[in-house]
Amino acid sequence: MEYTEKVMEHFLTPKNVGRLDDANAEAEIGNPACGDIIKLYLKLNEETGIIEDISFQTFGCGAAIATSSMTTEMAKGLTIEEALELTREQVADELGGLPANKMHCSNMAADALHKALKEYQEKHPKK
Amino acid sequence: MKRIYLDHNASTPVREEVKQKVIPFLGEMFGNPSSRHKEGRVVRVAVENAREEVARTINASSREITFTSGATEGNNAVLRGYWQSYKEREKKNHIITTAIEHPCVLTTSQKLKKEGFDVTFLPVDSVGRISLDELEAAIRPETGLVSIMMINNETGNIYPIERIGEICQKHNVLLHVDAAQAVGKVPVDVKKMHIDFLTLSGHKFYALKGAGAMYTKWGRWIKPLMTGGHQEKNRRSGTENIVGIIAIGEALKLARDEMDADAVQIKKLRDYFEKRVLDEIPYTQVLGDPSNRIYTTTNISFKFIEGEGIILKLDVAGIAVSTGSACSSGSLEPSHVITSMNVPLEDAHSSTRFSLGKQTTKEDLDYTVDILKDTIATLRSYSPLYDEFMRNQQKGE
Ligand SMILES: Cc1ncc(COP(=O)(O)O)c(C=O)c1O
């Protein structure tokens with residue numbers, strides 16, 4: 001297991017963990033079969049579309065927890081449009097890279113973010 | 001930081017007596033045991049003494065022992081050698097093995113199956129046991145070999161080799177036993193157990209990595225994996241790993257005397273540890289057969305979390321354990337042993353193996369329980385499955 005220091009840091013002391021009680025968007029991705037489940041909670045400003053708060057719950061390996069933590073850190077303060085541009089690769093890069101076999105299945109938080117945002121957009125069409 | 005090593009099923013440290021014993025063979029005693037001069041002859045004597053120790057440990061004769069590079073080689077040699085030798089000679093091209101074998105038996109059998117070997121993989125029940133009735137029913141006229149491990153490396157389950165040996169004998173089928181996790185820890189008697197082929201590995205009993213041995217019952221010759229010089233009576237060509245071989249001899253000599261005391265002492269510690277974990281950490285379960293397990297091992301699943309996180313956190317706290325979780329193996333699938341026991345996936349992913357050794361102390365285990373409690377609570381606090389479960393609990397109340 002060749003995790004970078006940054007991955008270990010986000011795994012050992014993850015940021016933004018837990019349920020967000022006043023969330024107005026959320027999404028879950030993954031299943032127990034593949035060993036990773038990521039759930040994201042977002043609080044979006046209904047006027048500006050800015051992600052004011054975001055948190056995660058993750059069942060998964062060290063990389064799954066670290067990428068979830070990093071994704072929430074990177075998404076906080078972005079607008080919906082900006083956050084939709086955030087990619088898995090950017091998350092991995094910010095962590096100093098991930099072992100190859102973790103790139104795919106344990107780096108899904110960006111996908112969960114996109115899913116939550118798209119569902120939010122459908123429910124709140126632009127006026 | 002002091003390290004607490006609880007992964008003895010993966011490999012054991014080299015014991016001090018073994019280290020002392022091999023030092024001369026890293027120095028002045030460097031000869032090739034096949035050489036006729038003095039340098040060679042002294043090494044030959046040491047190699048033959050080691051062979052005698054192996055034979056004595058499993059109640060075989062020296063001439064039935066071949067040194068190898070370990071159990072992976074030994075198991076390959078038996079399965080591939082059997083396939084080469086017996087498929088034509090006796091037309092018995094069917095073998096029976098189990099779903100919970102070590103990958104070196106499982107993948108080798110699967111490869112041979114692709115080449116035309118007929119292989120039956122016996123299933124196991126929810127605690128990992130095989131059914132002897134099912135085994136007997138699987139034997140057909142073309143069945144030539146049964147291959148079953150003595151002790152499973154992940155659960156510690158002990159398989160009833162003596163009774164399996166009786167069944168094999170009754171039906172005139174040969175028996176191969178992967179005893180990598182057994183030799184040096186429990187009594188093994190190839191005669192009483194009716195074993196035809198047996199493999200063992202030095203680094204599982206405080207000798208060195210990269211050296212092992214195989215027992216071939218006198219007369220059961222199979223084609224060798226390695227051809228070349230005439231070392232090991234043509235059964236395994238290649239200049240002997242003398243340091244590894246001498247280490248095996250010394251480690252087994254000591255193990256025979258210590259086995260009974262270890263079985264009491266280490267079992268007491270394992271049981272104490274297991275009870276504390278089960279009592280003090282909720283939603284926790286032992287995987288394997290509690291009534292038939294090697295005294296060194298406990299495999300525990302911690303519901304709602306994934307095992308890699310557990311080993312990473314324990315490692316940071318100075319504790320070495322291993323997991324059957326998908327994510328740590330690189331295979332992306334949970335351990336075949338645990339899944340073949342039909343353990344629900346959420347539990348299989350958190351299966352964590354603690355394997356104790358001669359150096360393990362009660363203090364080590366107390367510290368491990370403390371760290372573990374904290375680790376499990378923390379990882380569960382991240383888990384959506386745990387959150388959902390707890391909310392449902394509250395609703396129910
Ligand atoms: C049951 C079993 N068989 C075979 C092996 C392979 O042994 P070796 O490391 O000597 O190749 C191991 C150890 O990993 C084992 O536990």
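Reminder, nothing fancy here: chain letters follow the sequence lines and each chain counts from 1. Bear in mind the structure is a predicted one, so any value in this text is a computation, not a measurement.
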To the nearest 0.5 Å, tell me how far B/Leu385 CG sits from A/Thr58 OG1. 10.5 Å

Residues that B/Asp387 engages under side-chain contact (heavy atoms from CB on, under 4.5 Å), provided they are two or more places apart: A/Arg19, A/Tyr41, A/Gln57, B/Arg391

Has A/Lys6 got more than 12 heavy atoms of other residues, nucleotides or ligands less than 6.0 Å from its NZ? no

Answer with side chain, backbone, both or neither: which region of B/Phe304 has an atom nearer than 4.5 Å to a non-hydrogen atom of chain A? backbone

Decide if atom CD of A/Glu5 counts as having more than 12 heavy atoms of other residues, nucleotides or ligands within a radius under 6.0 Å. no

What do you reckon, is CD of B/Gln359 surrounded by more than 12 foreign heavy atoms closer than 6.0 Å? no

B/Lys2 atom NZ, neighbour heavy-atom count above 12 within 6.0 Å: yes

Looking only at heavy atoms, the pair that brings B/Tyr382 and A/Leu12 closest together is OH-O, 4.0 Å

Greater than 12 external heavy atoms within 6.0 Å of B/Lys111's NZ: no

What part of A/Ala63 lies closer than 4.5 angstrom to a heavy atom of chain B: side chain, backbone, both or neither? backbone

Side chain, backbone, both or neither: which part of A/Ile65 has an atom under 4.5 Å from a heavy atom of chain B? side chain

Below 30° counts as parallel, above 60° as perpendicular, anything between as tilted: where do the rings of B/His349 and A/Phe59 land? perpendicular

If you measure from SG on A/Cys61 to CD1 on B/Ile311, what distance do you get to the nearest 0.5 Å? 10.5 Å

Pair A/Lys102, B/Glu308 - check salt bridge (charged side-chain N to carboxylate O under 4.0 Å, His left out), show working. CA-CA 12 Å; A/Lys102 303 280 184 179; B/Glu308 191 199 74; 2.7 Å; yes

